[in-house]
Amino acid sequence: MANDGLAVAPETARQLRAATALAEKLGLSGPEALAGYLPRRHEDRRQGWHPSDGLPMGPVHFQGVVTQSKLNRWRGRRCSVEVNLEVAGKGLSAGERVRLVYYNLPFLARAFPEGKRVAAYGRVEEKKGIFTLAHPETESIELGKEEGIHLDRVVPIYPLITGLTQRRVRSTIYYYLKSSPPVVPECFPTLEGLPTREEAWRIFHFPESLAEVEKARRRLAYEELVGIAFSLRVRRAAREAIRVERPPKVRDLVEPWRKTLPWKMTGDQIKVCAEVDEDLRLMRPMHRLLQGDVGSGKTLVAAHALLRALEHGSHVALMAPTTLLVEQHATSLRKMLPTKHLEIVTWTSTSKPGPAGLFPRITIGTHALFAEKARLSRLSLCVIDEQQRFGVKQRAAFLAKGERPDLLVLTATPIPRTYHLFTHGDLDVSLLKEMPPGRGKVRTLVRDGSAVEKIWAHLKDRVEQGDRVYVVVPRLGDGVEDPAEEASVRRTHEQLSAQIGAKRVALLHGKMKEAEKLEVLEQFRQGKISVLVATTVVEVGVDVPEANWMVIDYADRLGLSQLHQLRGRIGRGGRNGKCVLIHRTGQPDAVARLEFLEKNQDGFLIAEEDYRIRGPGDILGADQSGLPRFRHTHLPEDDSLAENAKAEAQRQMEGEWRDWTGLVEAEKRARADFAAN
Ligand code: ADP
Ligand code: MG
């Protein structure tokens with residue numbers, strides 16, 4: 001470090017003092033830590049602008065000479081400072097005038113003496129024919145002496161706290177890094193082609209160009225990814241070190257039950273059930289993710305796990321994201337399982353189970369399961385259905401209901417390979433790839449809005465043939481309680497009721513009472529109604545095997561994965577059917593997206609495509625998924641970095657590289673990001 005206490009130039013000493021004070025204000029350990037206090041983003045303040053270019057779209061940078069500056073005082077204590085600049089002419093043309101205005105900052109009148117050269121950056125408006133900038137950033141230019149810190153370069157924008165200005169933070173860091181740049185330790189070997197950590201930090205503060213920023217960003221992203229991957233591995237190792245006692249088997253449930261199943265299990269179902277059995281024999285808690293495309297029969301595996309755990313214990317629980325789904329699971333498990341020997345209860349916002357009786361118990365519930373403080377007595381297994389709908393914290397809250405219970409989570413949203421580690425790196429993974437046999441063929445068709453009348457008329461025929469139809473009208477806005485959504489499902493419901501007959505058509509939307517929803521779904525299941533007009537509430541889990549037709553209106557508003565989930569609701573029984581996707585905008589890429597679904601059935605392929613188009617956040621729902629919020633990483637562009645980070649984290653665990661200082665730091669940062677979720 002430059003500050004060795006001897007011959008420190010007074011200027012350097014002053015800069016160091018300023019840096020120390022700033023670091024203290026920011027709560028950092030010392031001035032050296034400023035090197036790691038990285039900007040949030042950068043602004044390219046170099047692009048030159050000249051008034052003869054006309055009114056610019058975004059903020060611009062230019063230079064001029066002050067021709068006049070005046071202070072206007074108004075009533076009250078309000079005032080404005082107007083500064084006129086002459087911007088040098090282009091070629092032989094005369095200079096042109098631009099005006100800077102500052103409101104209620106009278107002292108600025110003195111800051112712009114006539115003849116001073118000024119550089120300015122900001123948004124330009126045209127006011128009474130004059131190009132005007134309100135409160136632009138400016139910097140005086142003393143030719144040959146002043147270095148452009150705030151202007152005329154790619155400028156860092158720092159995260160601020162109250163009492164600090166962008167300018168103060170920026171110039172303090174600038175002079176400090178210039179006069180006494182601290183040594184930045186490398187935390188692990190960098191990737192070929194990426195800068196060192198020290199370089200990356202230096203570049204990120206004061207880059208020469210945006211291309212350089214990108215290079216540094218990639219290095220920072222790499223570090224971030226290694227940190228997260230490492231932290232997940234540490235967690236996994238910690239989990240694997242936990243030892244649990246497994247009580248002996250007290251009853252036989254699984255084998256007798258299997259004999260009663262109406263169909264043969266698929267090869268994959270058999271394999272995954274065996275994996276679960278293996279987990280439940282080990283002396284550490286199961287921590288397994290079951291990934292299977294919509295309709296692959298995950299519920300059966302869940303039932304197997306629940307029964308197996310009950311052979312040894314007395315309480316197991318299944319959590320699902322909606323009351324509708326909870327009730328459906330309760331109904332189908334009551335049908336499927338040997339209820340003479342056990343008790344199935346539900347726990348939702350409207351129903352709460354009484355105290356456990358003599359029988360071993362399966363509790364099926366929504367978020368209500370973990371919302372209350374009460375612990376579930378002797379809970380030995382937690383199963384989470386549609387786990388993409390729950391966050392990491394919710395998962396933890398559910399698990400906390402028992403004493404180190406086993407965990408099985410089910411998801412139908414396949415996670416692209418590279419992304420997997422960062423979402424489920426701490427879980428063991430099972431796959432259901434094979435679909436149960438004996439299902440109808442479902443063809444997908446894309447149509448534009450003009451075909452709607454024809455489609456409705458055709459539905460009438462289908463209903464007369466005995467088909468059962470979902471008509472999905474998605475939410476139109478982003479708000480959950482969107483009146484537009486309700487209105488448009490209602491409108492469609494009215495139209496179809498008029499055409500097909502009010503008795504055969506019913507409505508299902510999120511705002512209905514739970515009991516009403518269940519009633520409607522039950523009537524649809526029994527075939528008393530043939531057409532269910534619904535919002536996307538039917539997206540997750542709903543299982544009515546007889547349904548074989550689906551029409552999705554405004555399909556261009558939904559993502560590929562979501563459409564695939566919806567379409568997975570049909571063709572579960574033996575009847576052939578169709579899924580019609582109606583688009584209303586006709587935008588070529590929206591149509592192309594839908595056509596991708598016409599051609600592809602494989603949920604994994606569809607998820608990869610969705611990920612490529614929209615990035616990971618949208619697929620999984622940024623706030624629900626419990627994914628770390630990346631600060632520097634951009635997926636999917638950084639996929640290859642992620643792959644490398646995975647390998648690096650593994651090497652770290654194996655101890656190939658022994659300097660853990662930086663890693664601990666990176667890991668801490670990753671943890672903070674997790675905690676922020
Ligand atoms: P998901 O994986 O989407 O949750 P489900 O568990 O709801 O799928 O199963 C989809 C449908 O397939 C259900 O109607 C279920 O009864 C049926 N099913 C499950 N396993 C089999 C099997 N081995 N053979 C035939 N049908 C099956
Ligand atoms: Mg399911």
Side-chain angles (χ1 to χ4, degrees), residues 254 257-274 276 288-307 318-337 362 364-366 383-390 408-415 429-442 468 470 521-522 524-527 536-548 550 561-577 579 601-604 606-607:
V254 173
W257 164 69
R258 277 218 190 173
K259 292 198 190 100
T260 65
L261 283 177
W263 3 259
K264 267 176 62 188
M265 288 168 79
T266 65
D268 277 351
Q269 280 172 329
I270 293 171
K271 195 175 106 219
V272 175
C273 286
V276 168
R288 185 165 291 278
L289 169 76
L290 171 56
Q291 232 179 293
D293 206 348
V294 48
S296 58
K298 294 184 291 296
T299 316
L300 193 81
V301 177
H304 170 96
L306 293 169
L307 280 188
L318 167 67
M319 181 164 76
T322 64
T323 306
L324 212 59
L325 206 47
V326 165
E327 294 297 340
Q328 178 187 287
H329 277 319
T331 313
S332 69
L333 289 181
R334 279 187 188 122
K335 253 189 252 159
M336 195 199 277
L337 300 182
I362 301 179
I364 305 176
T366 54
V383 180
I384 305 180
D385 192 19
E386 307 286 348
Q387 87 103 29
Q388 72 279 4
R389 292 293 175 117
F390 295 97
L408 176 66
V409 301
L410 318 179
T411 181
T413 307
I415 293 124
V429 180
S430 295
L431 293 177
L432 284 184
K433 287 205 161 158
E434 197 180 336
M435 285 288 170
R439 12 192 82 207
K441 284 207 176 61
V442 172
R468 236 172 282 172
Y470 291 103
L521 199 62
E522 195 47 38
F524 184 60
R525 197 187 304 280
Q526 290 172 10
T536 48
V537 287
V538 295
E539 179 190 347
V540 287
V542 172
D543 181 36
V544 179
E546 294 78 13
N548 62 332
M550 179 174 276
S561 297
Q562 207 182 354
L563 289 166
H564 180 66
Q565 286 295 312
L566 279 167
R567 132 177 112 170
R569 301 296 131 224
I570 57 169
R572 297 178 154 227
R575 263 181 115 102
N576 293 345
C579 174
Q601 293 294 330
D602 178 347
F604 282 82
I606 290 163

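Every heavy atom of this structure was used, including side-chain atoms; hydrogens, water molecules and symmetry mates were not. For ligands, and for the atoms within them, numbers begin at 1 and follow the listed sequence.
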Is ligand 1 under 4.0 Å from a heavy atom in the side chain of [X], in the backbone, in both, or in neither?
| X | answer |
| --- | --- |
| R572 | side chain |
| Q269 | side chain |
| D543 | side chain |

Close-contact set for ligand 1 against [X] heavy atoms, below 4.0 Å:
| X | result |
| --- | --- |
| T299 | 4 (O), 5 (P), 6 (O), 7 (O) |
| T266 | 23 (N) |
| V294 | 3 (O) |
| K264 | 22 (C), 23 (N), 24 (N) |
| R439 | 10 (C), 11 (C), 12 (O) |
| K298 | 1 (P), 2 (O), 3 (O), 4 (O), 6 (O), 8 (O) |

For [atom], find the nearest protein heavy atom and state the residue, atom name and distance (0.1 Å precision).
| atom | result |
| --- | --- |
| atom 9 (O) of ligand 1 | G297 CA, 3.6 Å |
| atom 27 (C) of ligand 1 | P436 CB, 3.5 Å |
| atom 16 (O) of ligand 1 | W263 CZ2, 3.4 Å |

Any side-chain to backbone donor/acceptor pair from [X] onto [Y]? Under 3.5 Å, distance only.
| X | Y | answer |
| --- | --- | --- |
| K441 | N576 | no |
| R525 | D543 | yes |
| W257 | M336 | yes |
| R569 | A547 | no |

About how many Å separate [atom2] of [Y] and [atom1] of [X], when rounded to the nearest 0.5 Å?
| X | Y | atom1 | atom2 | answer |
| --- | --- | --- | --- | --- |
| D385 | T411 | CG | OG1 | 9.0 Å |
| E386 | K298 | CD | NZ | 6.0 Å |
| L410 | R288 | CG | CZ | 12.0 Å |
| T536 | Q565 | OG1 | CD | 11.5 Å |

Close side-chain approach of H304 to L300, heavy-atom, < 4.5 Å: no
Test item, S296 contacting ligand 1 (heavy atom, 4.0 angstrom): yes
Contact check, G295 vs ligand 1, heavy-atom distance below 4.0 Å: yes
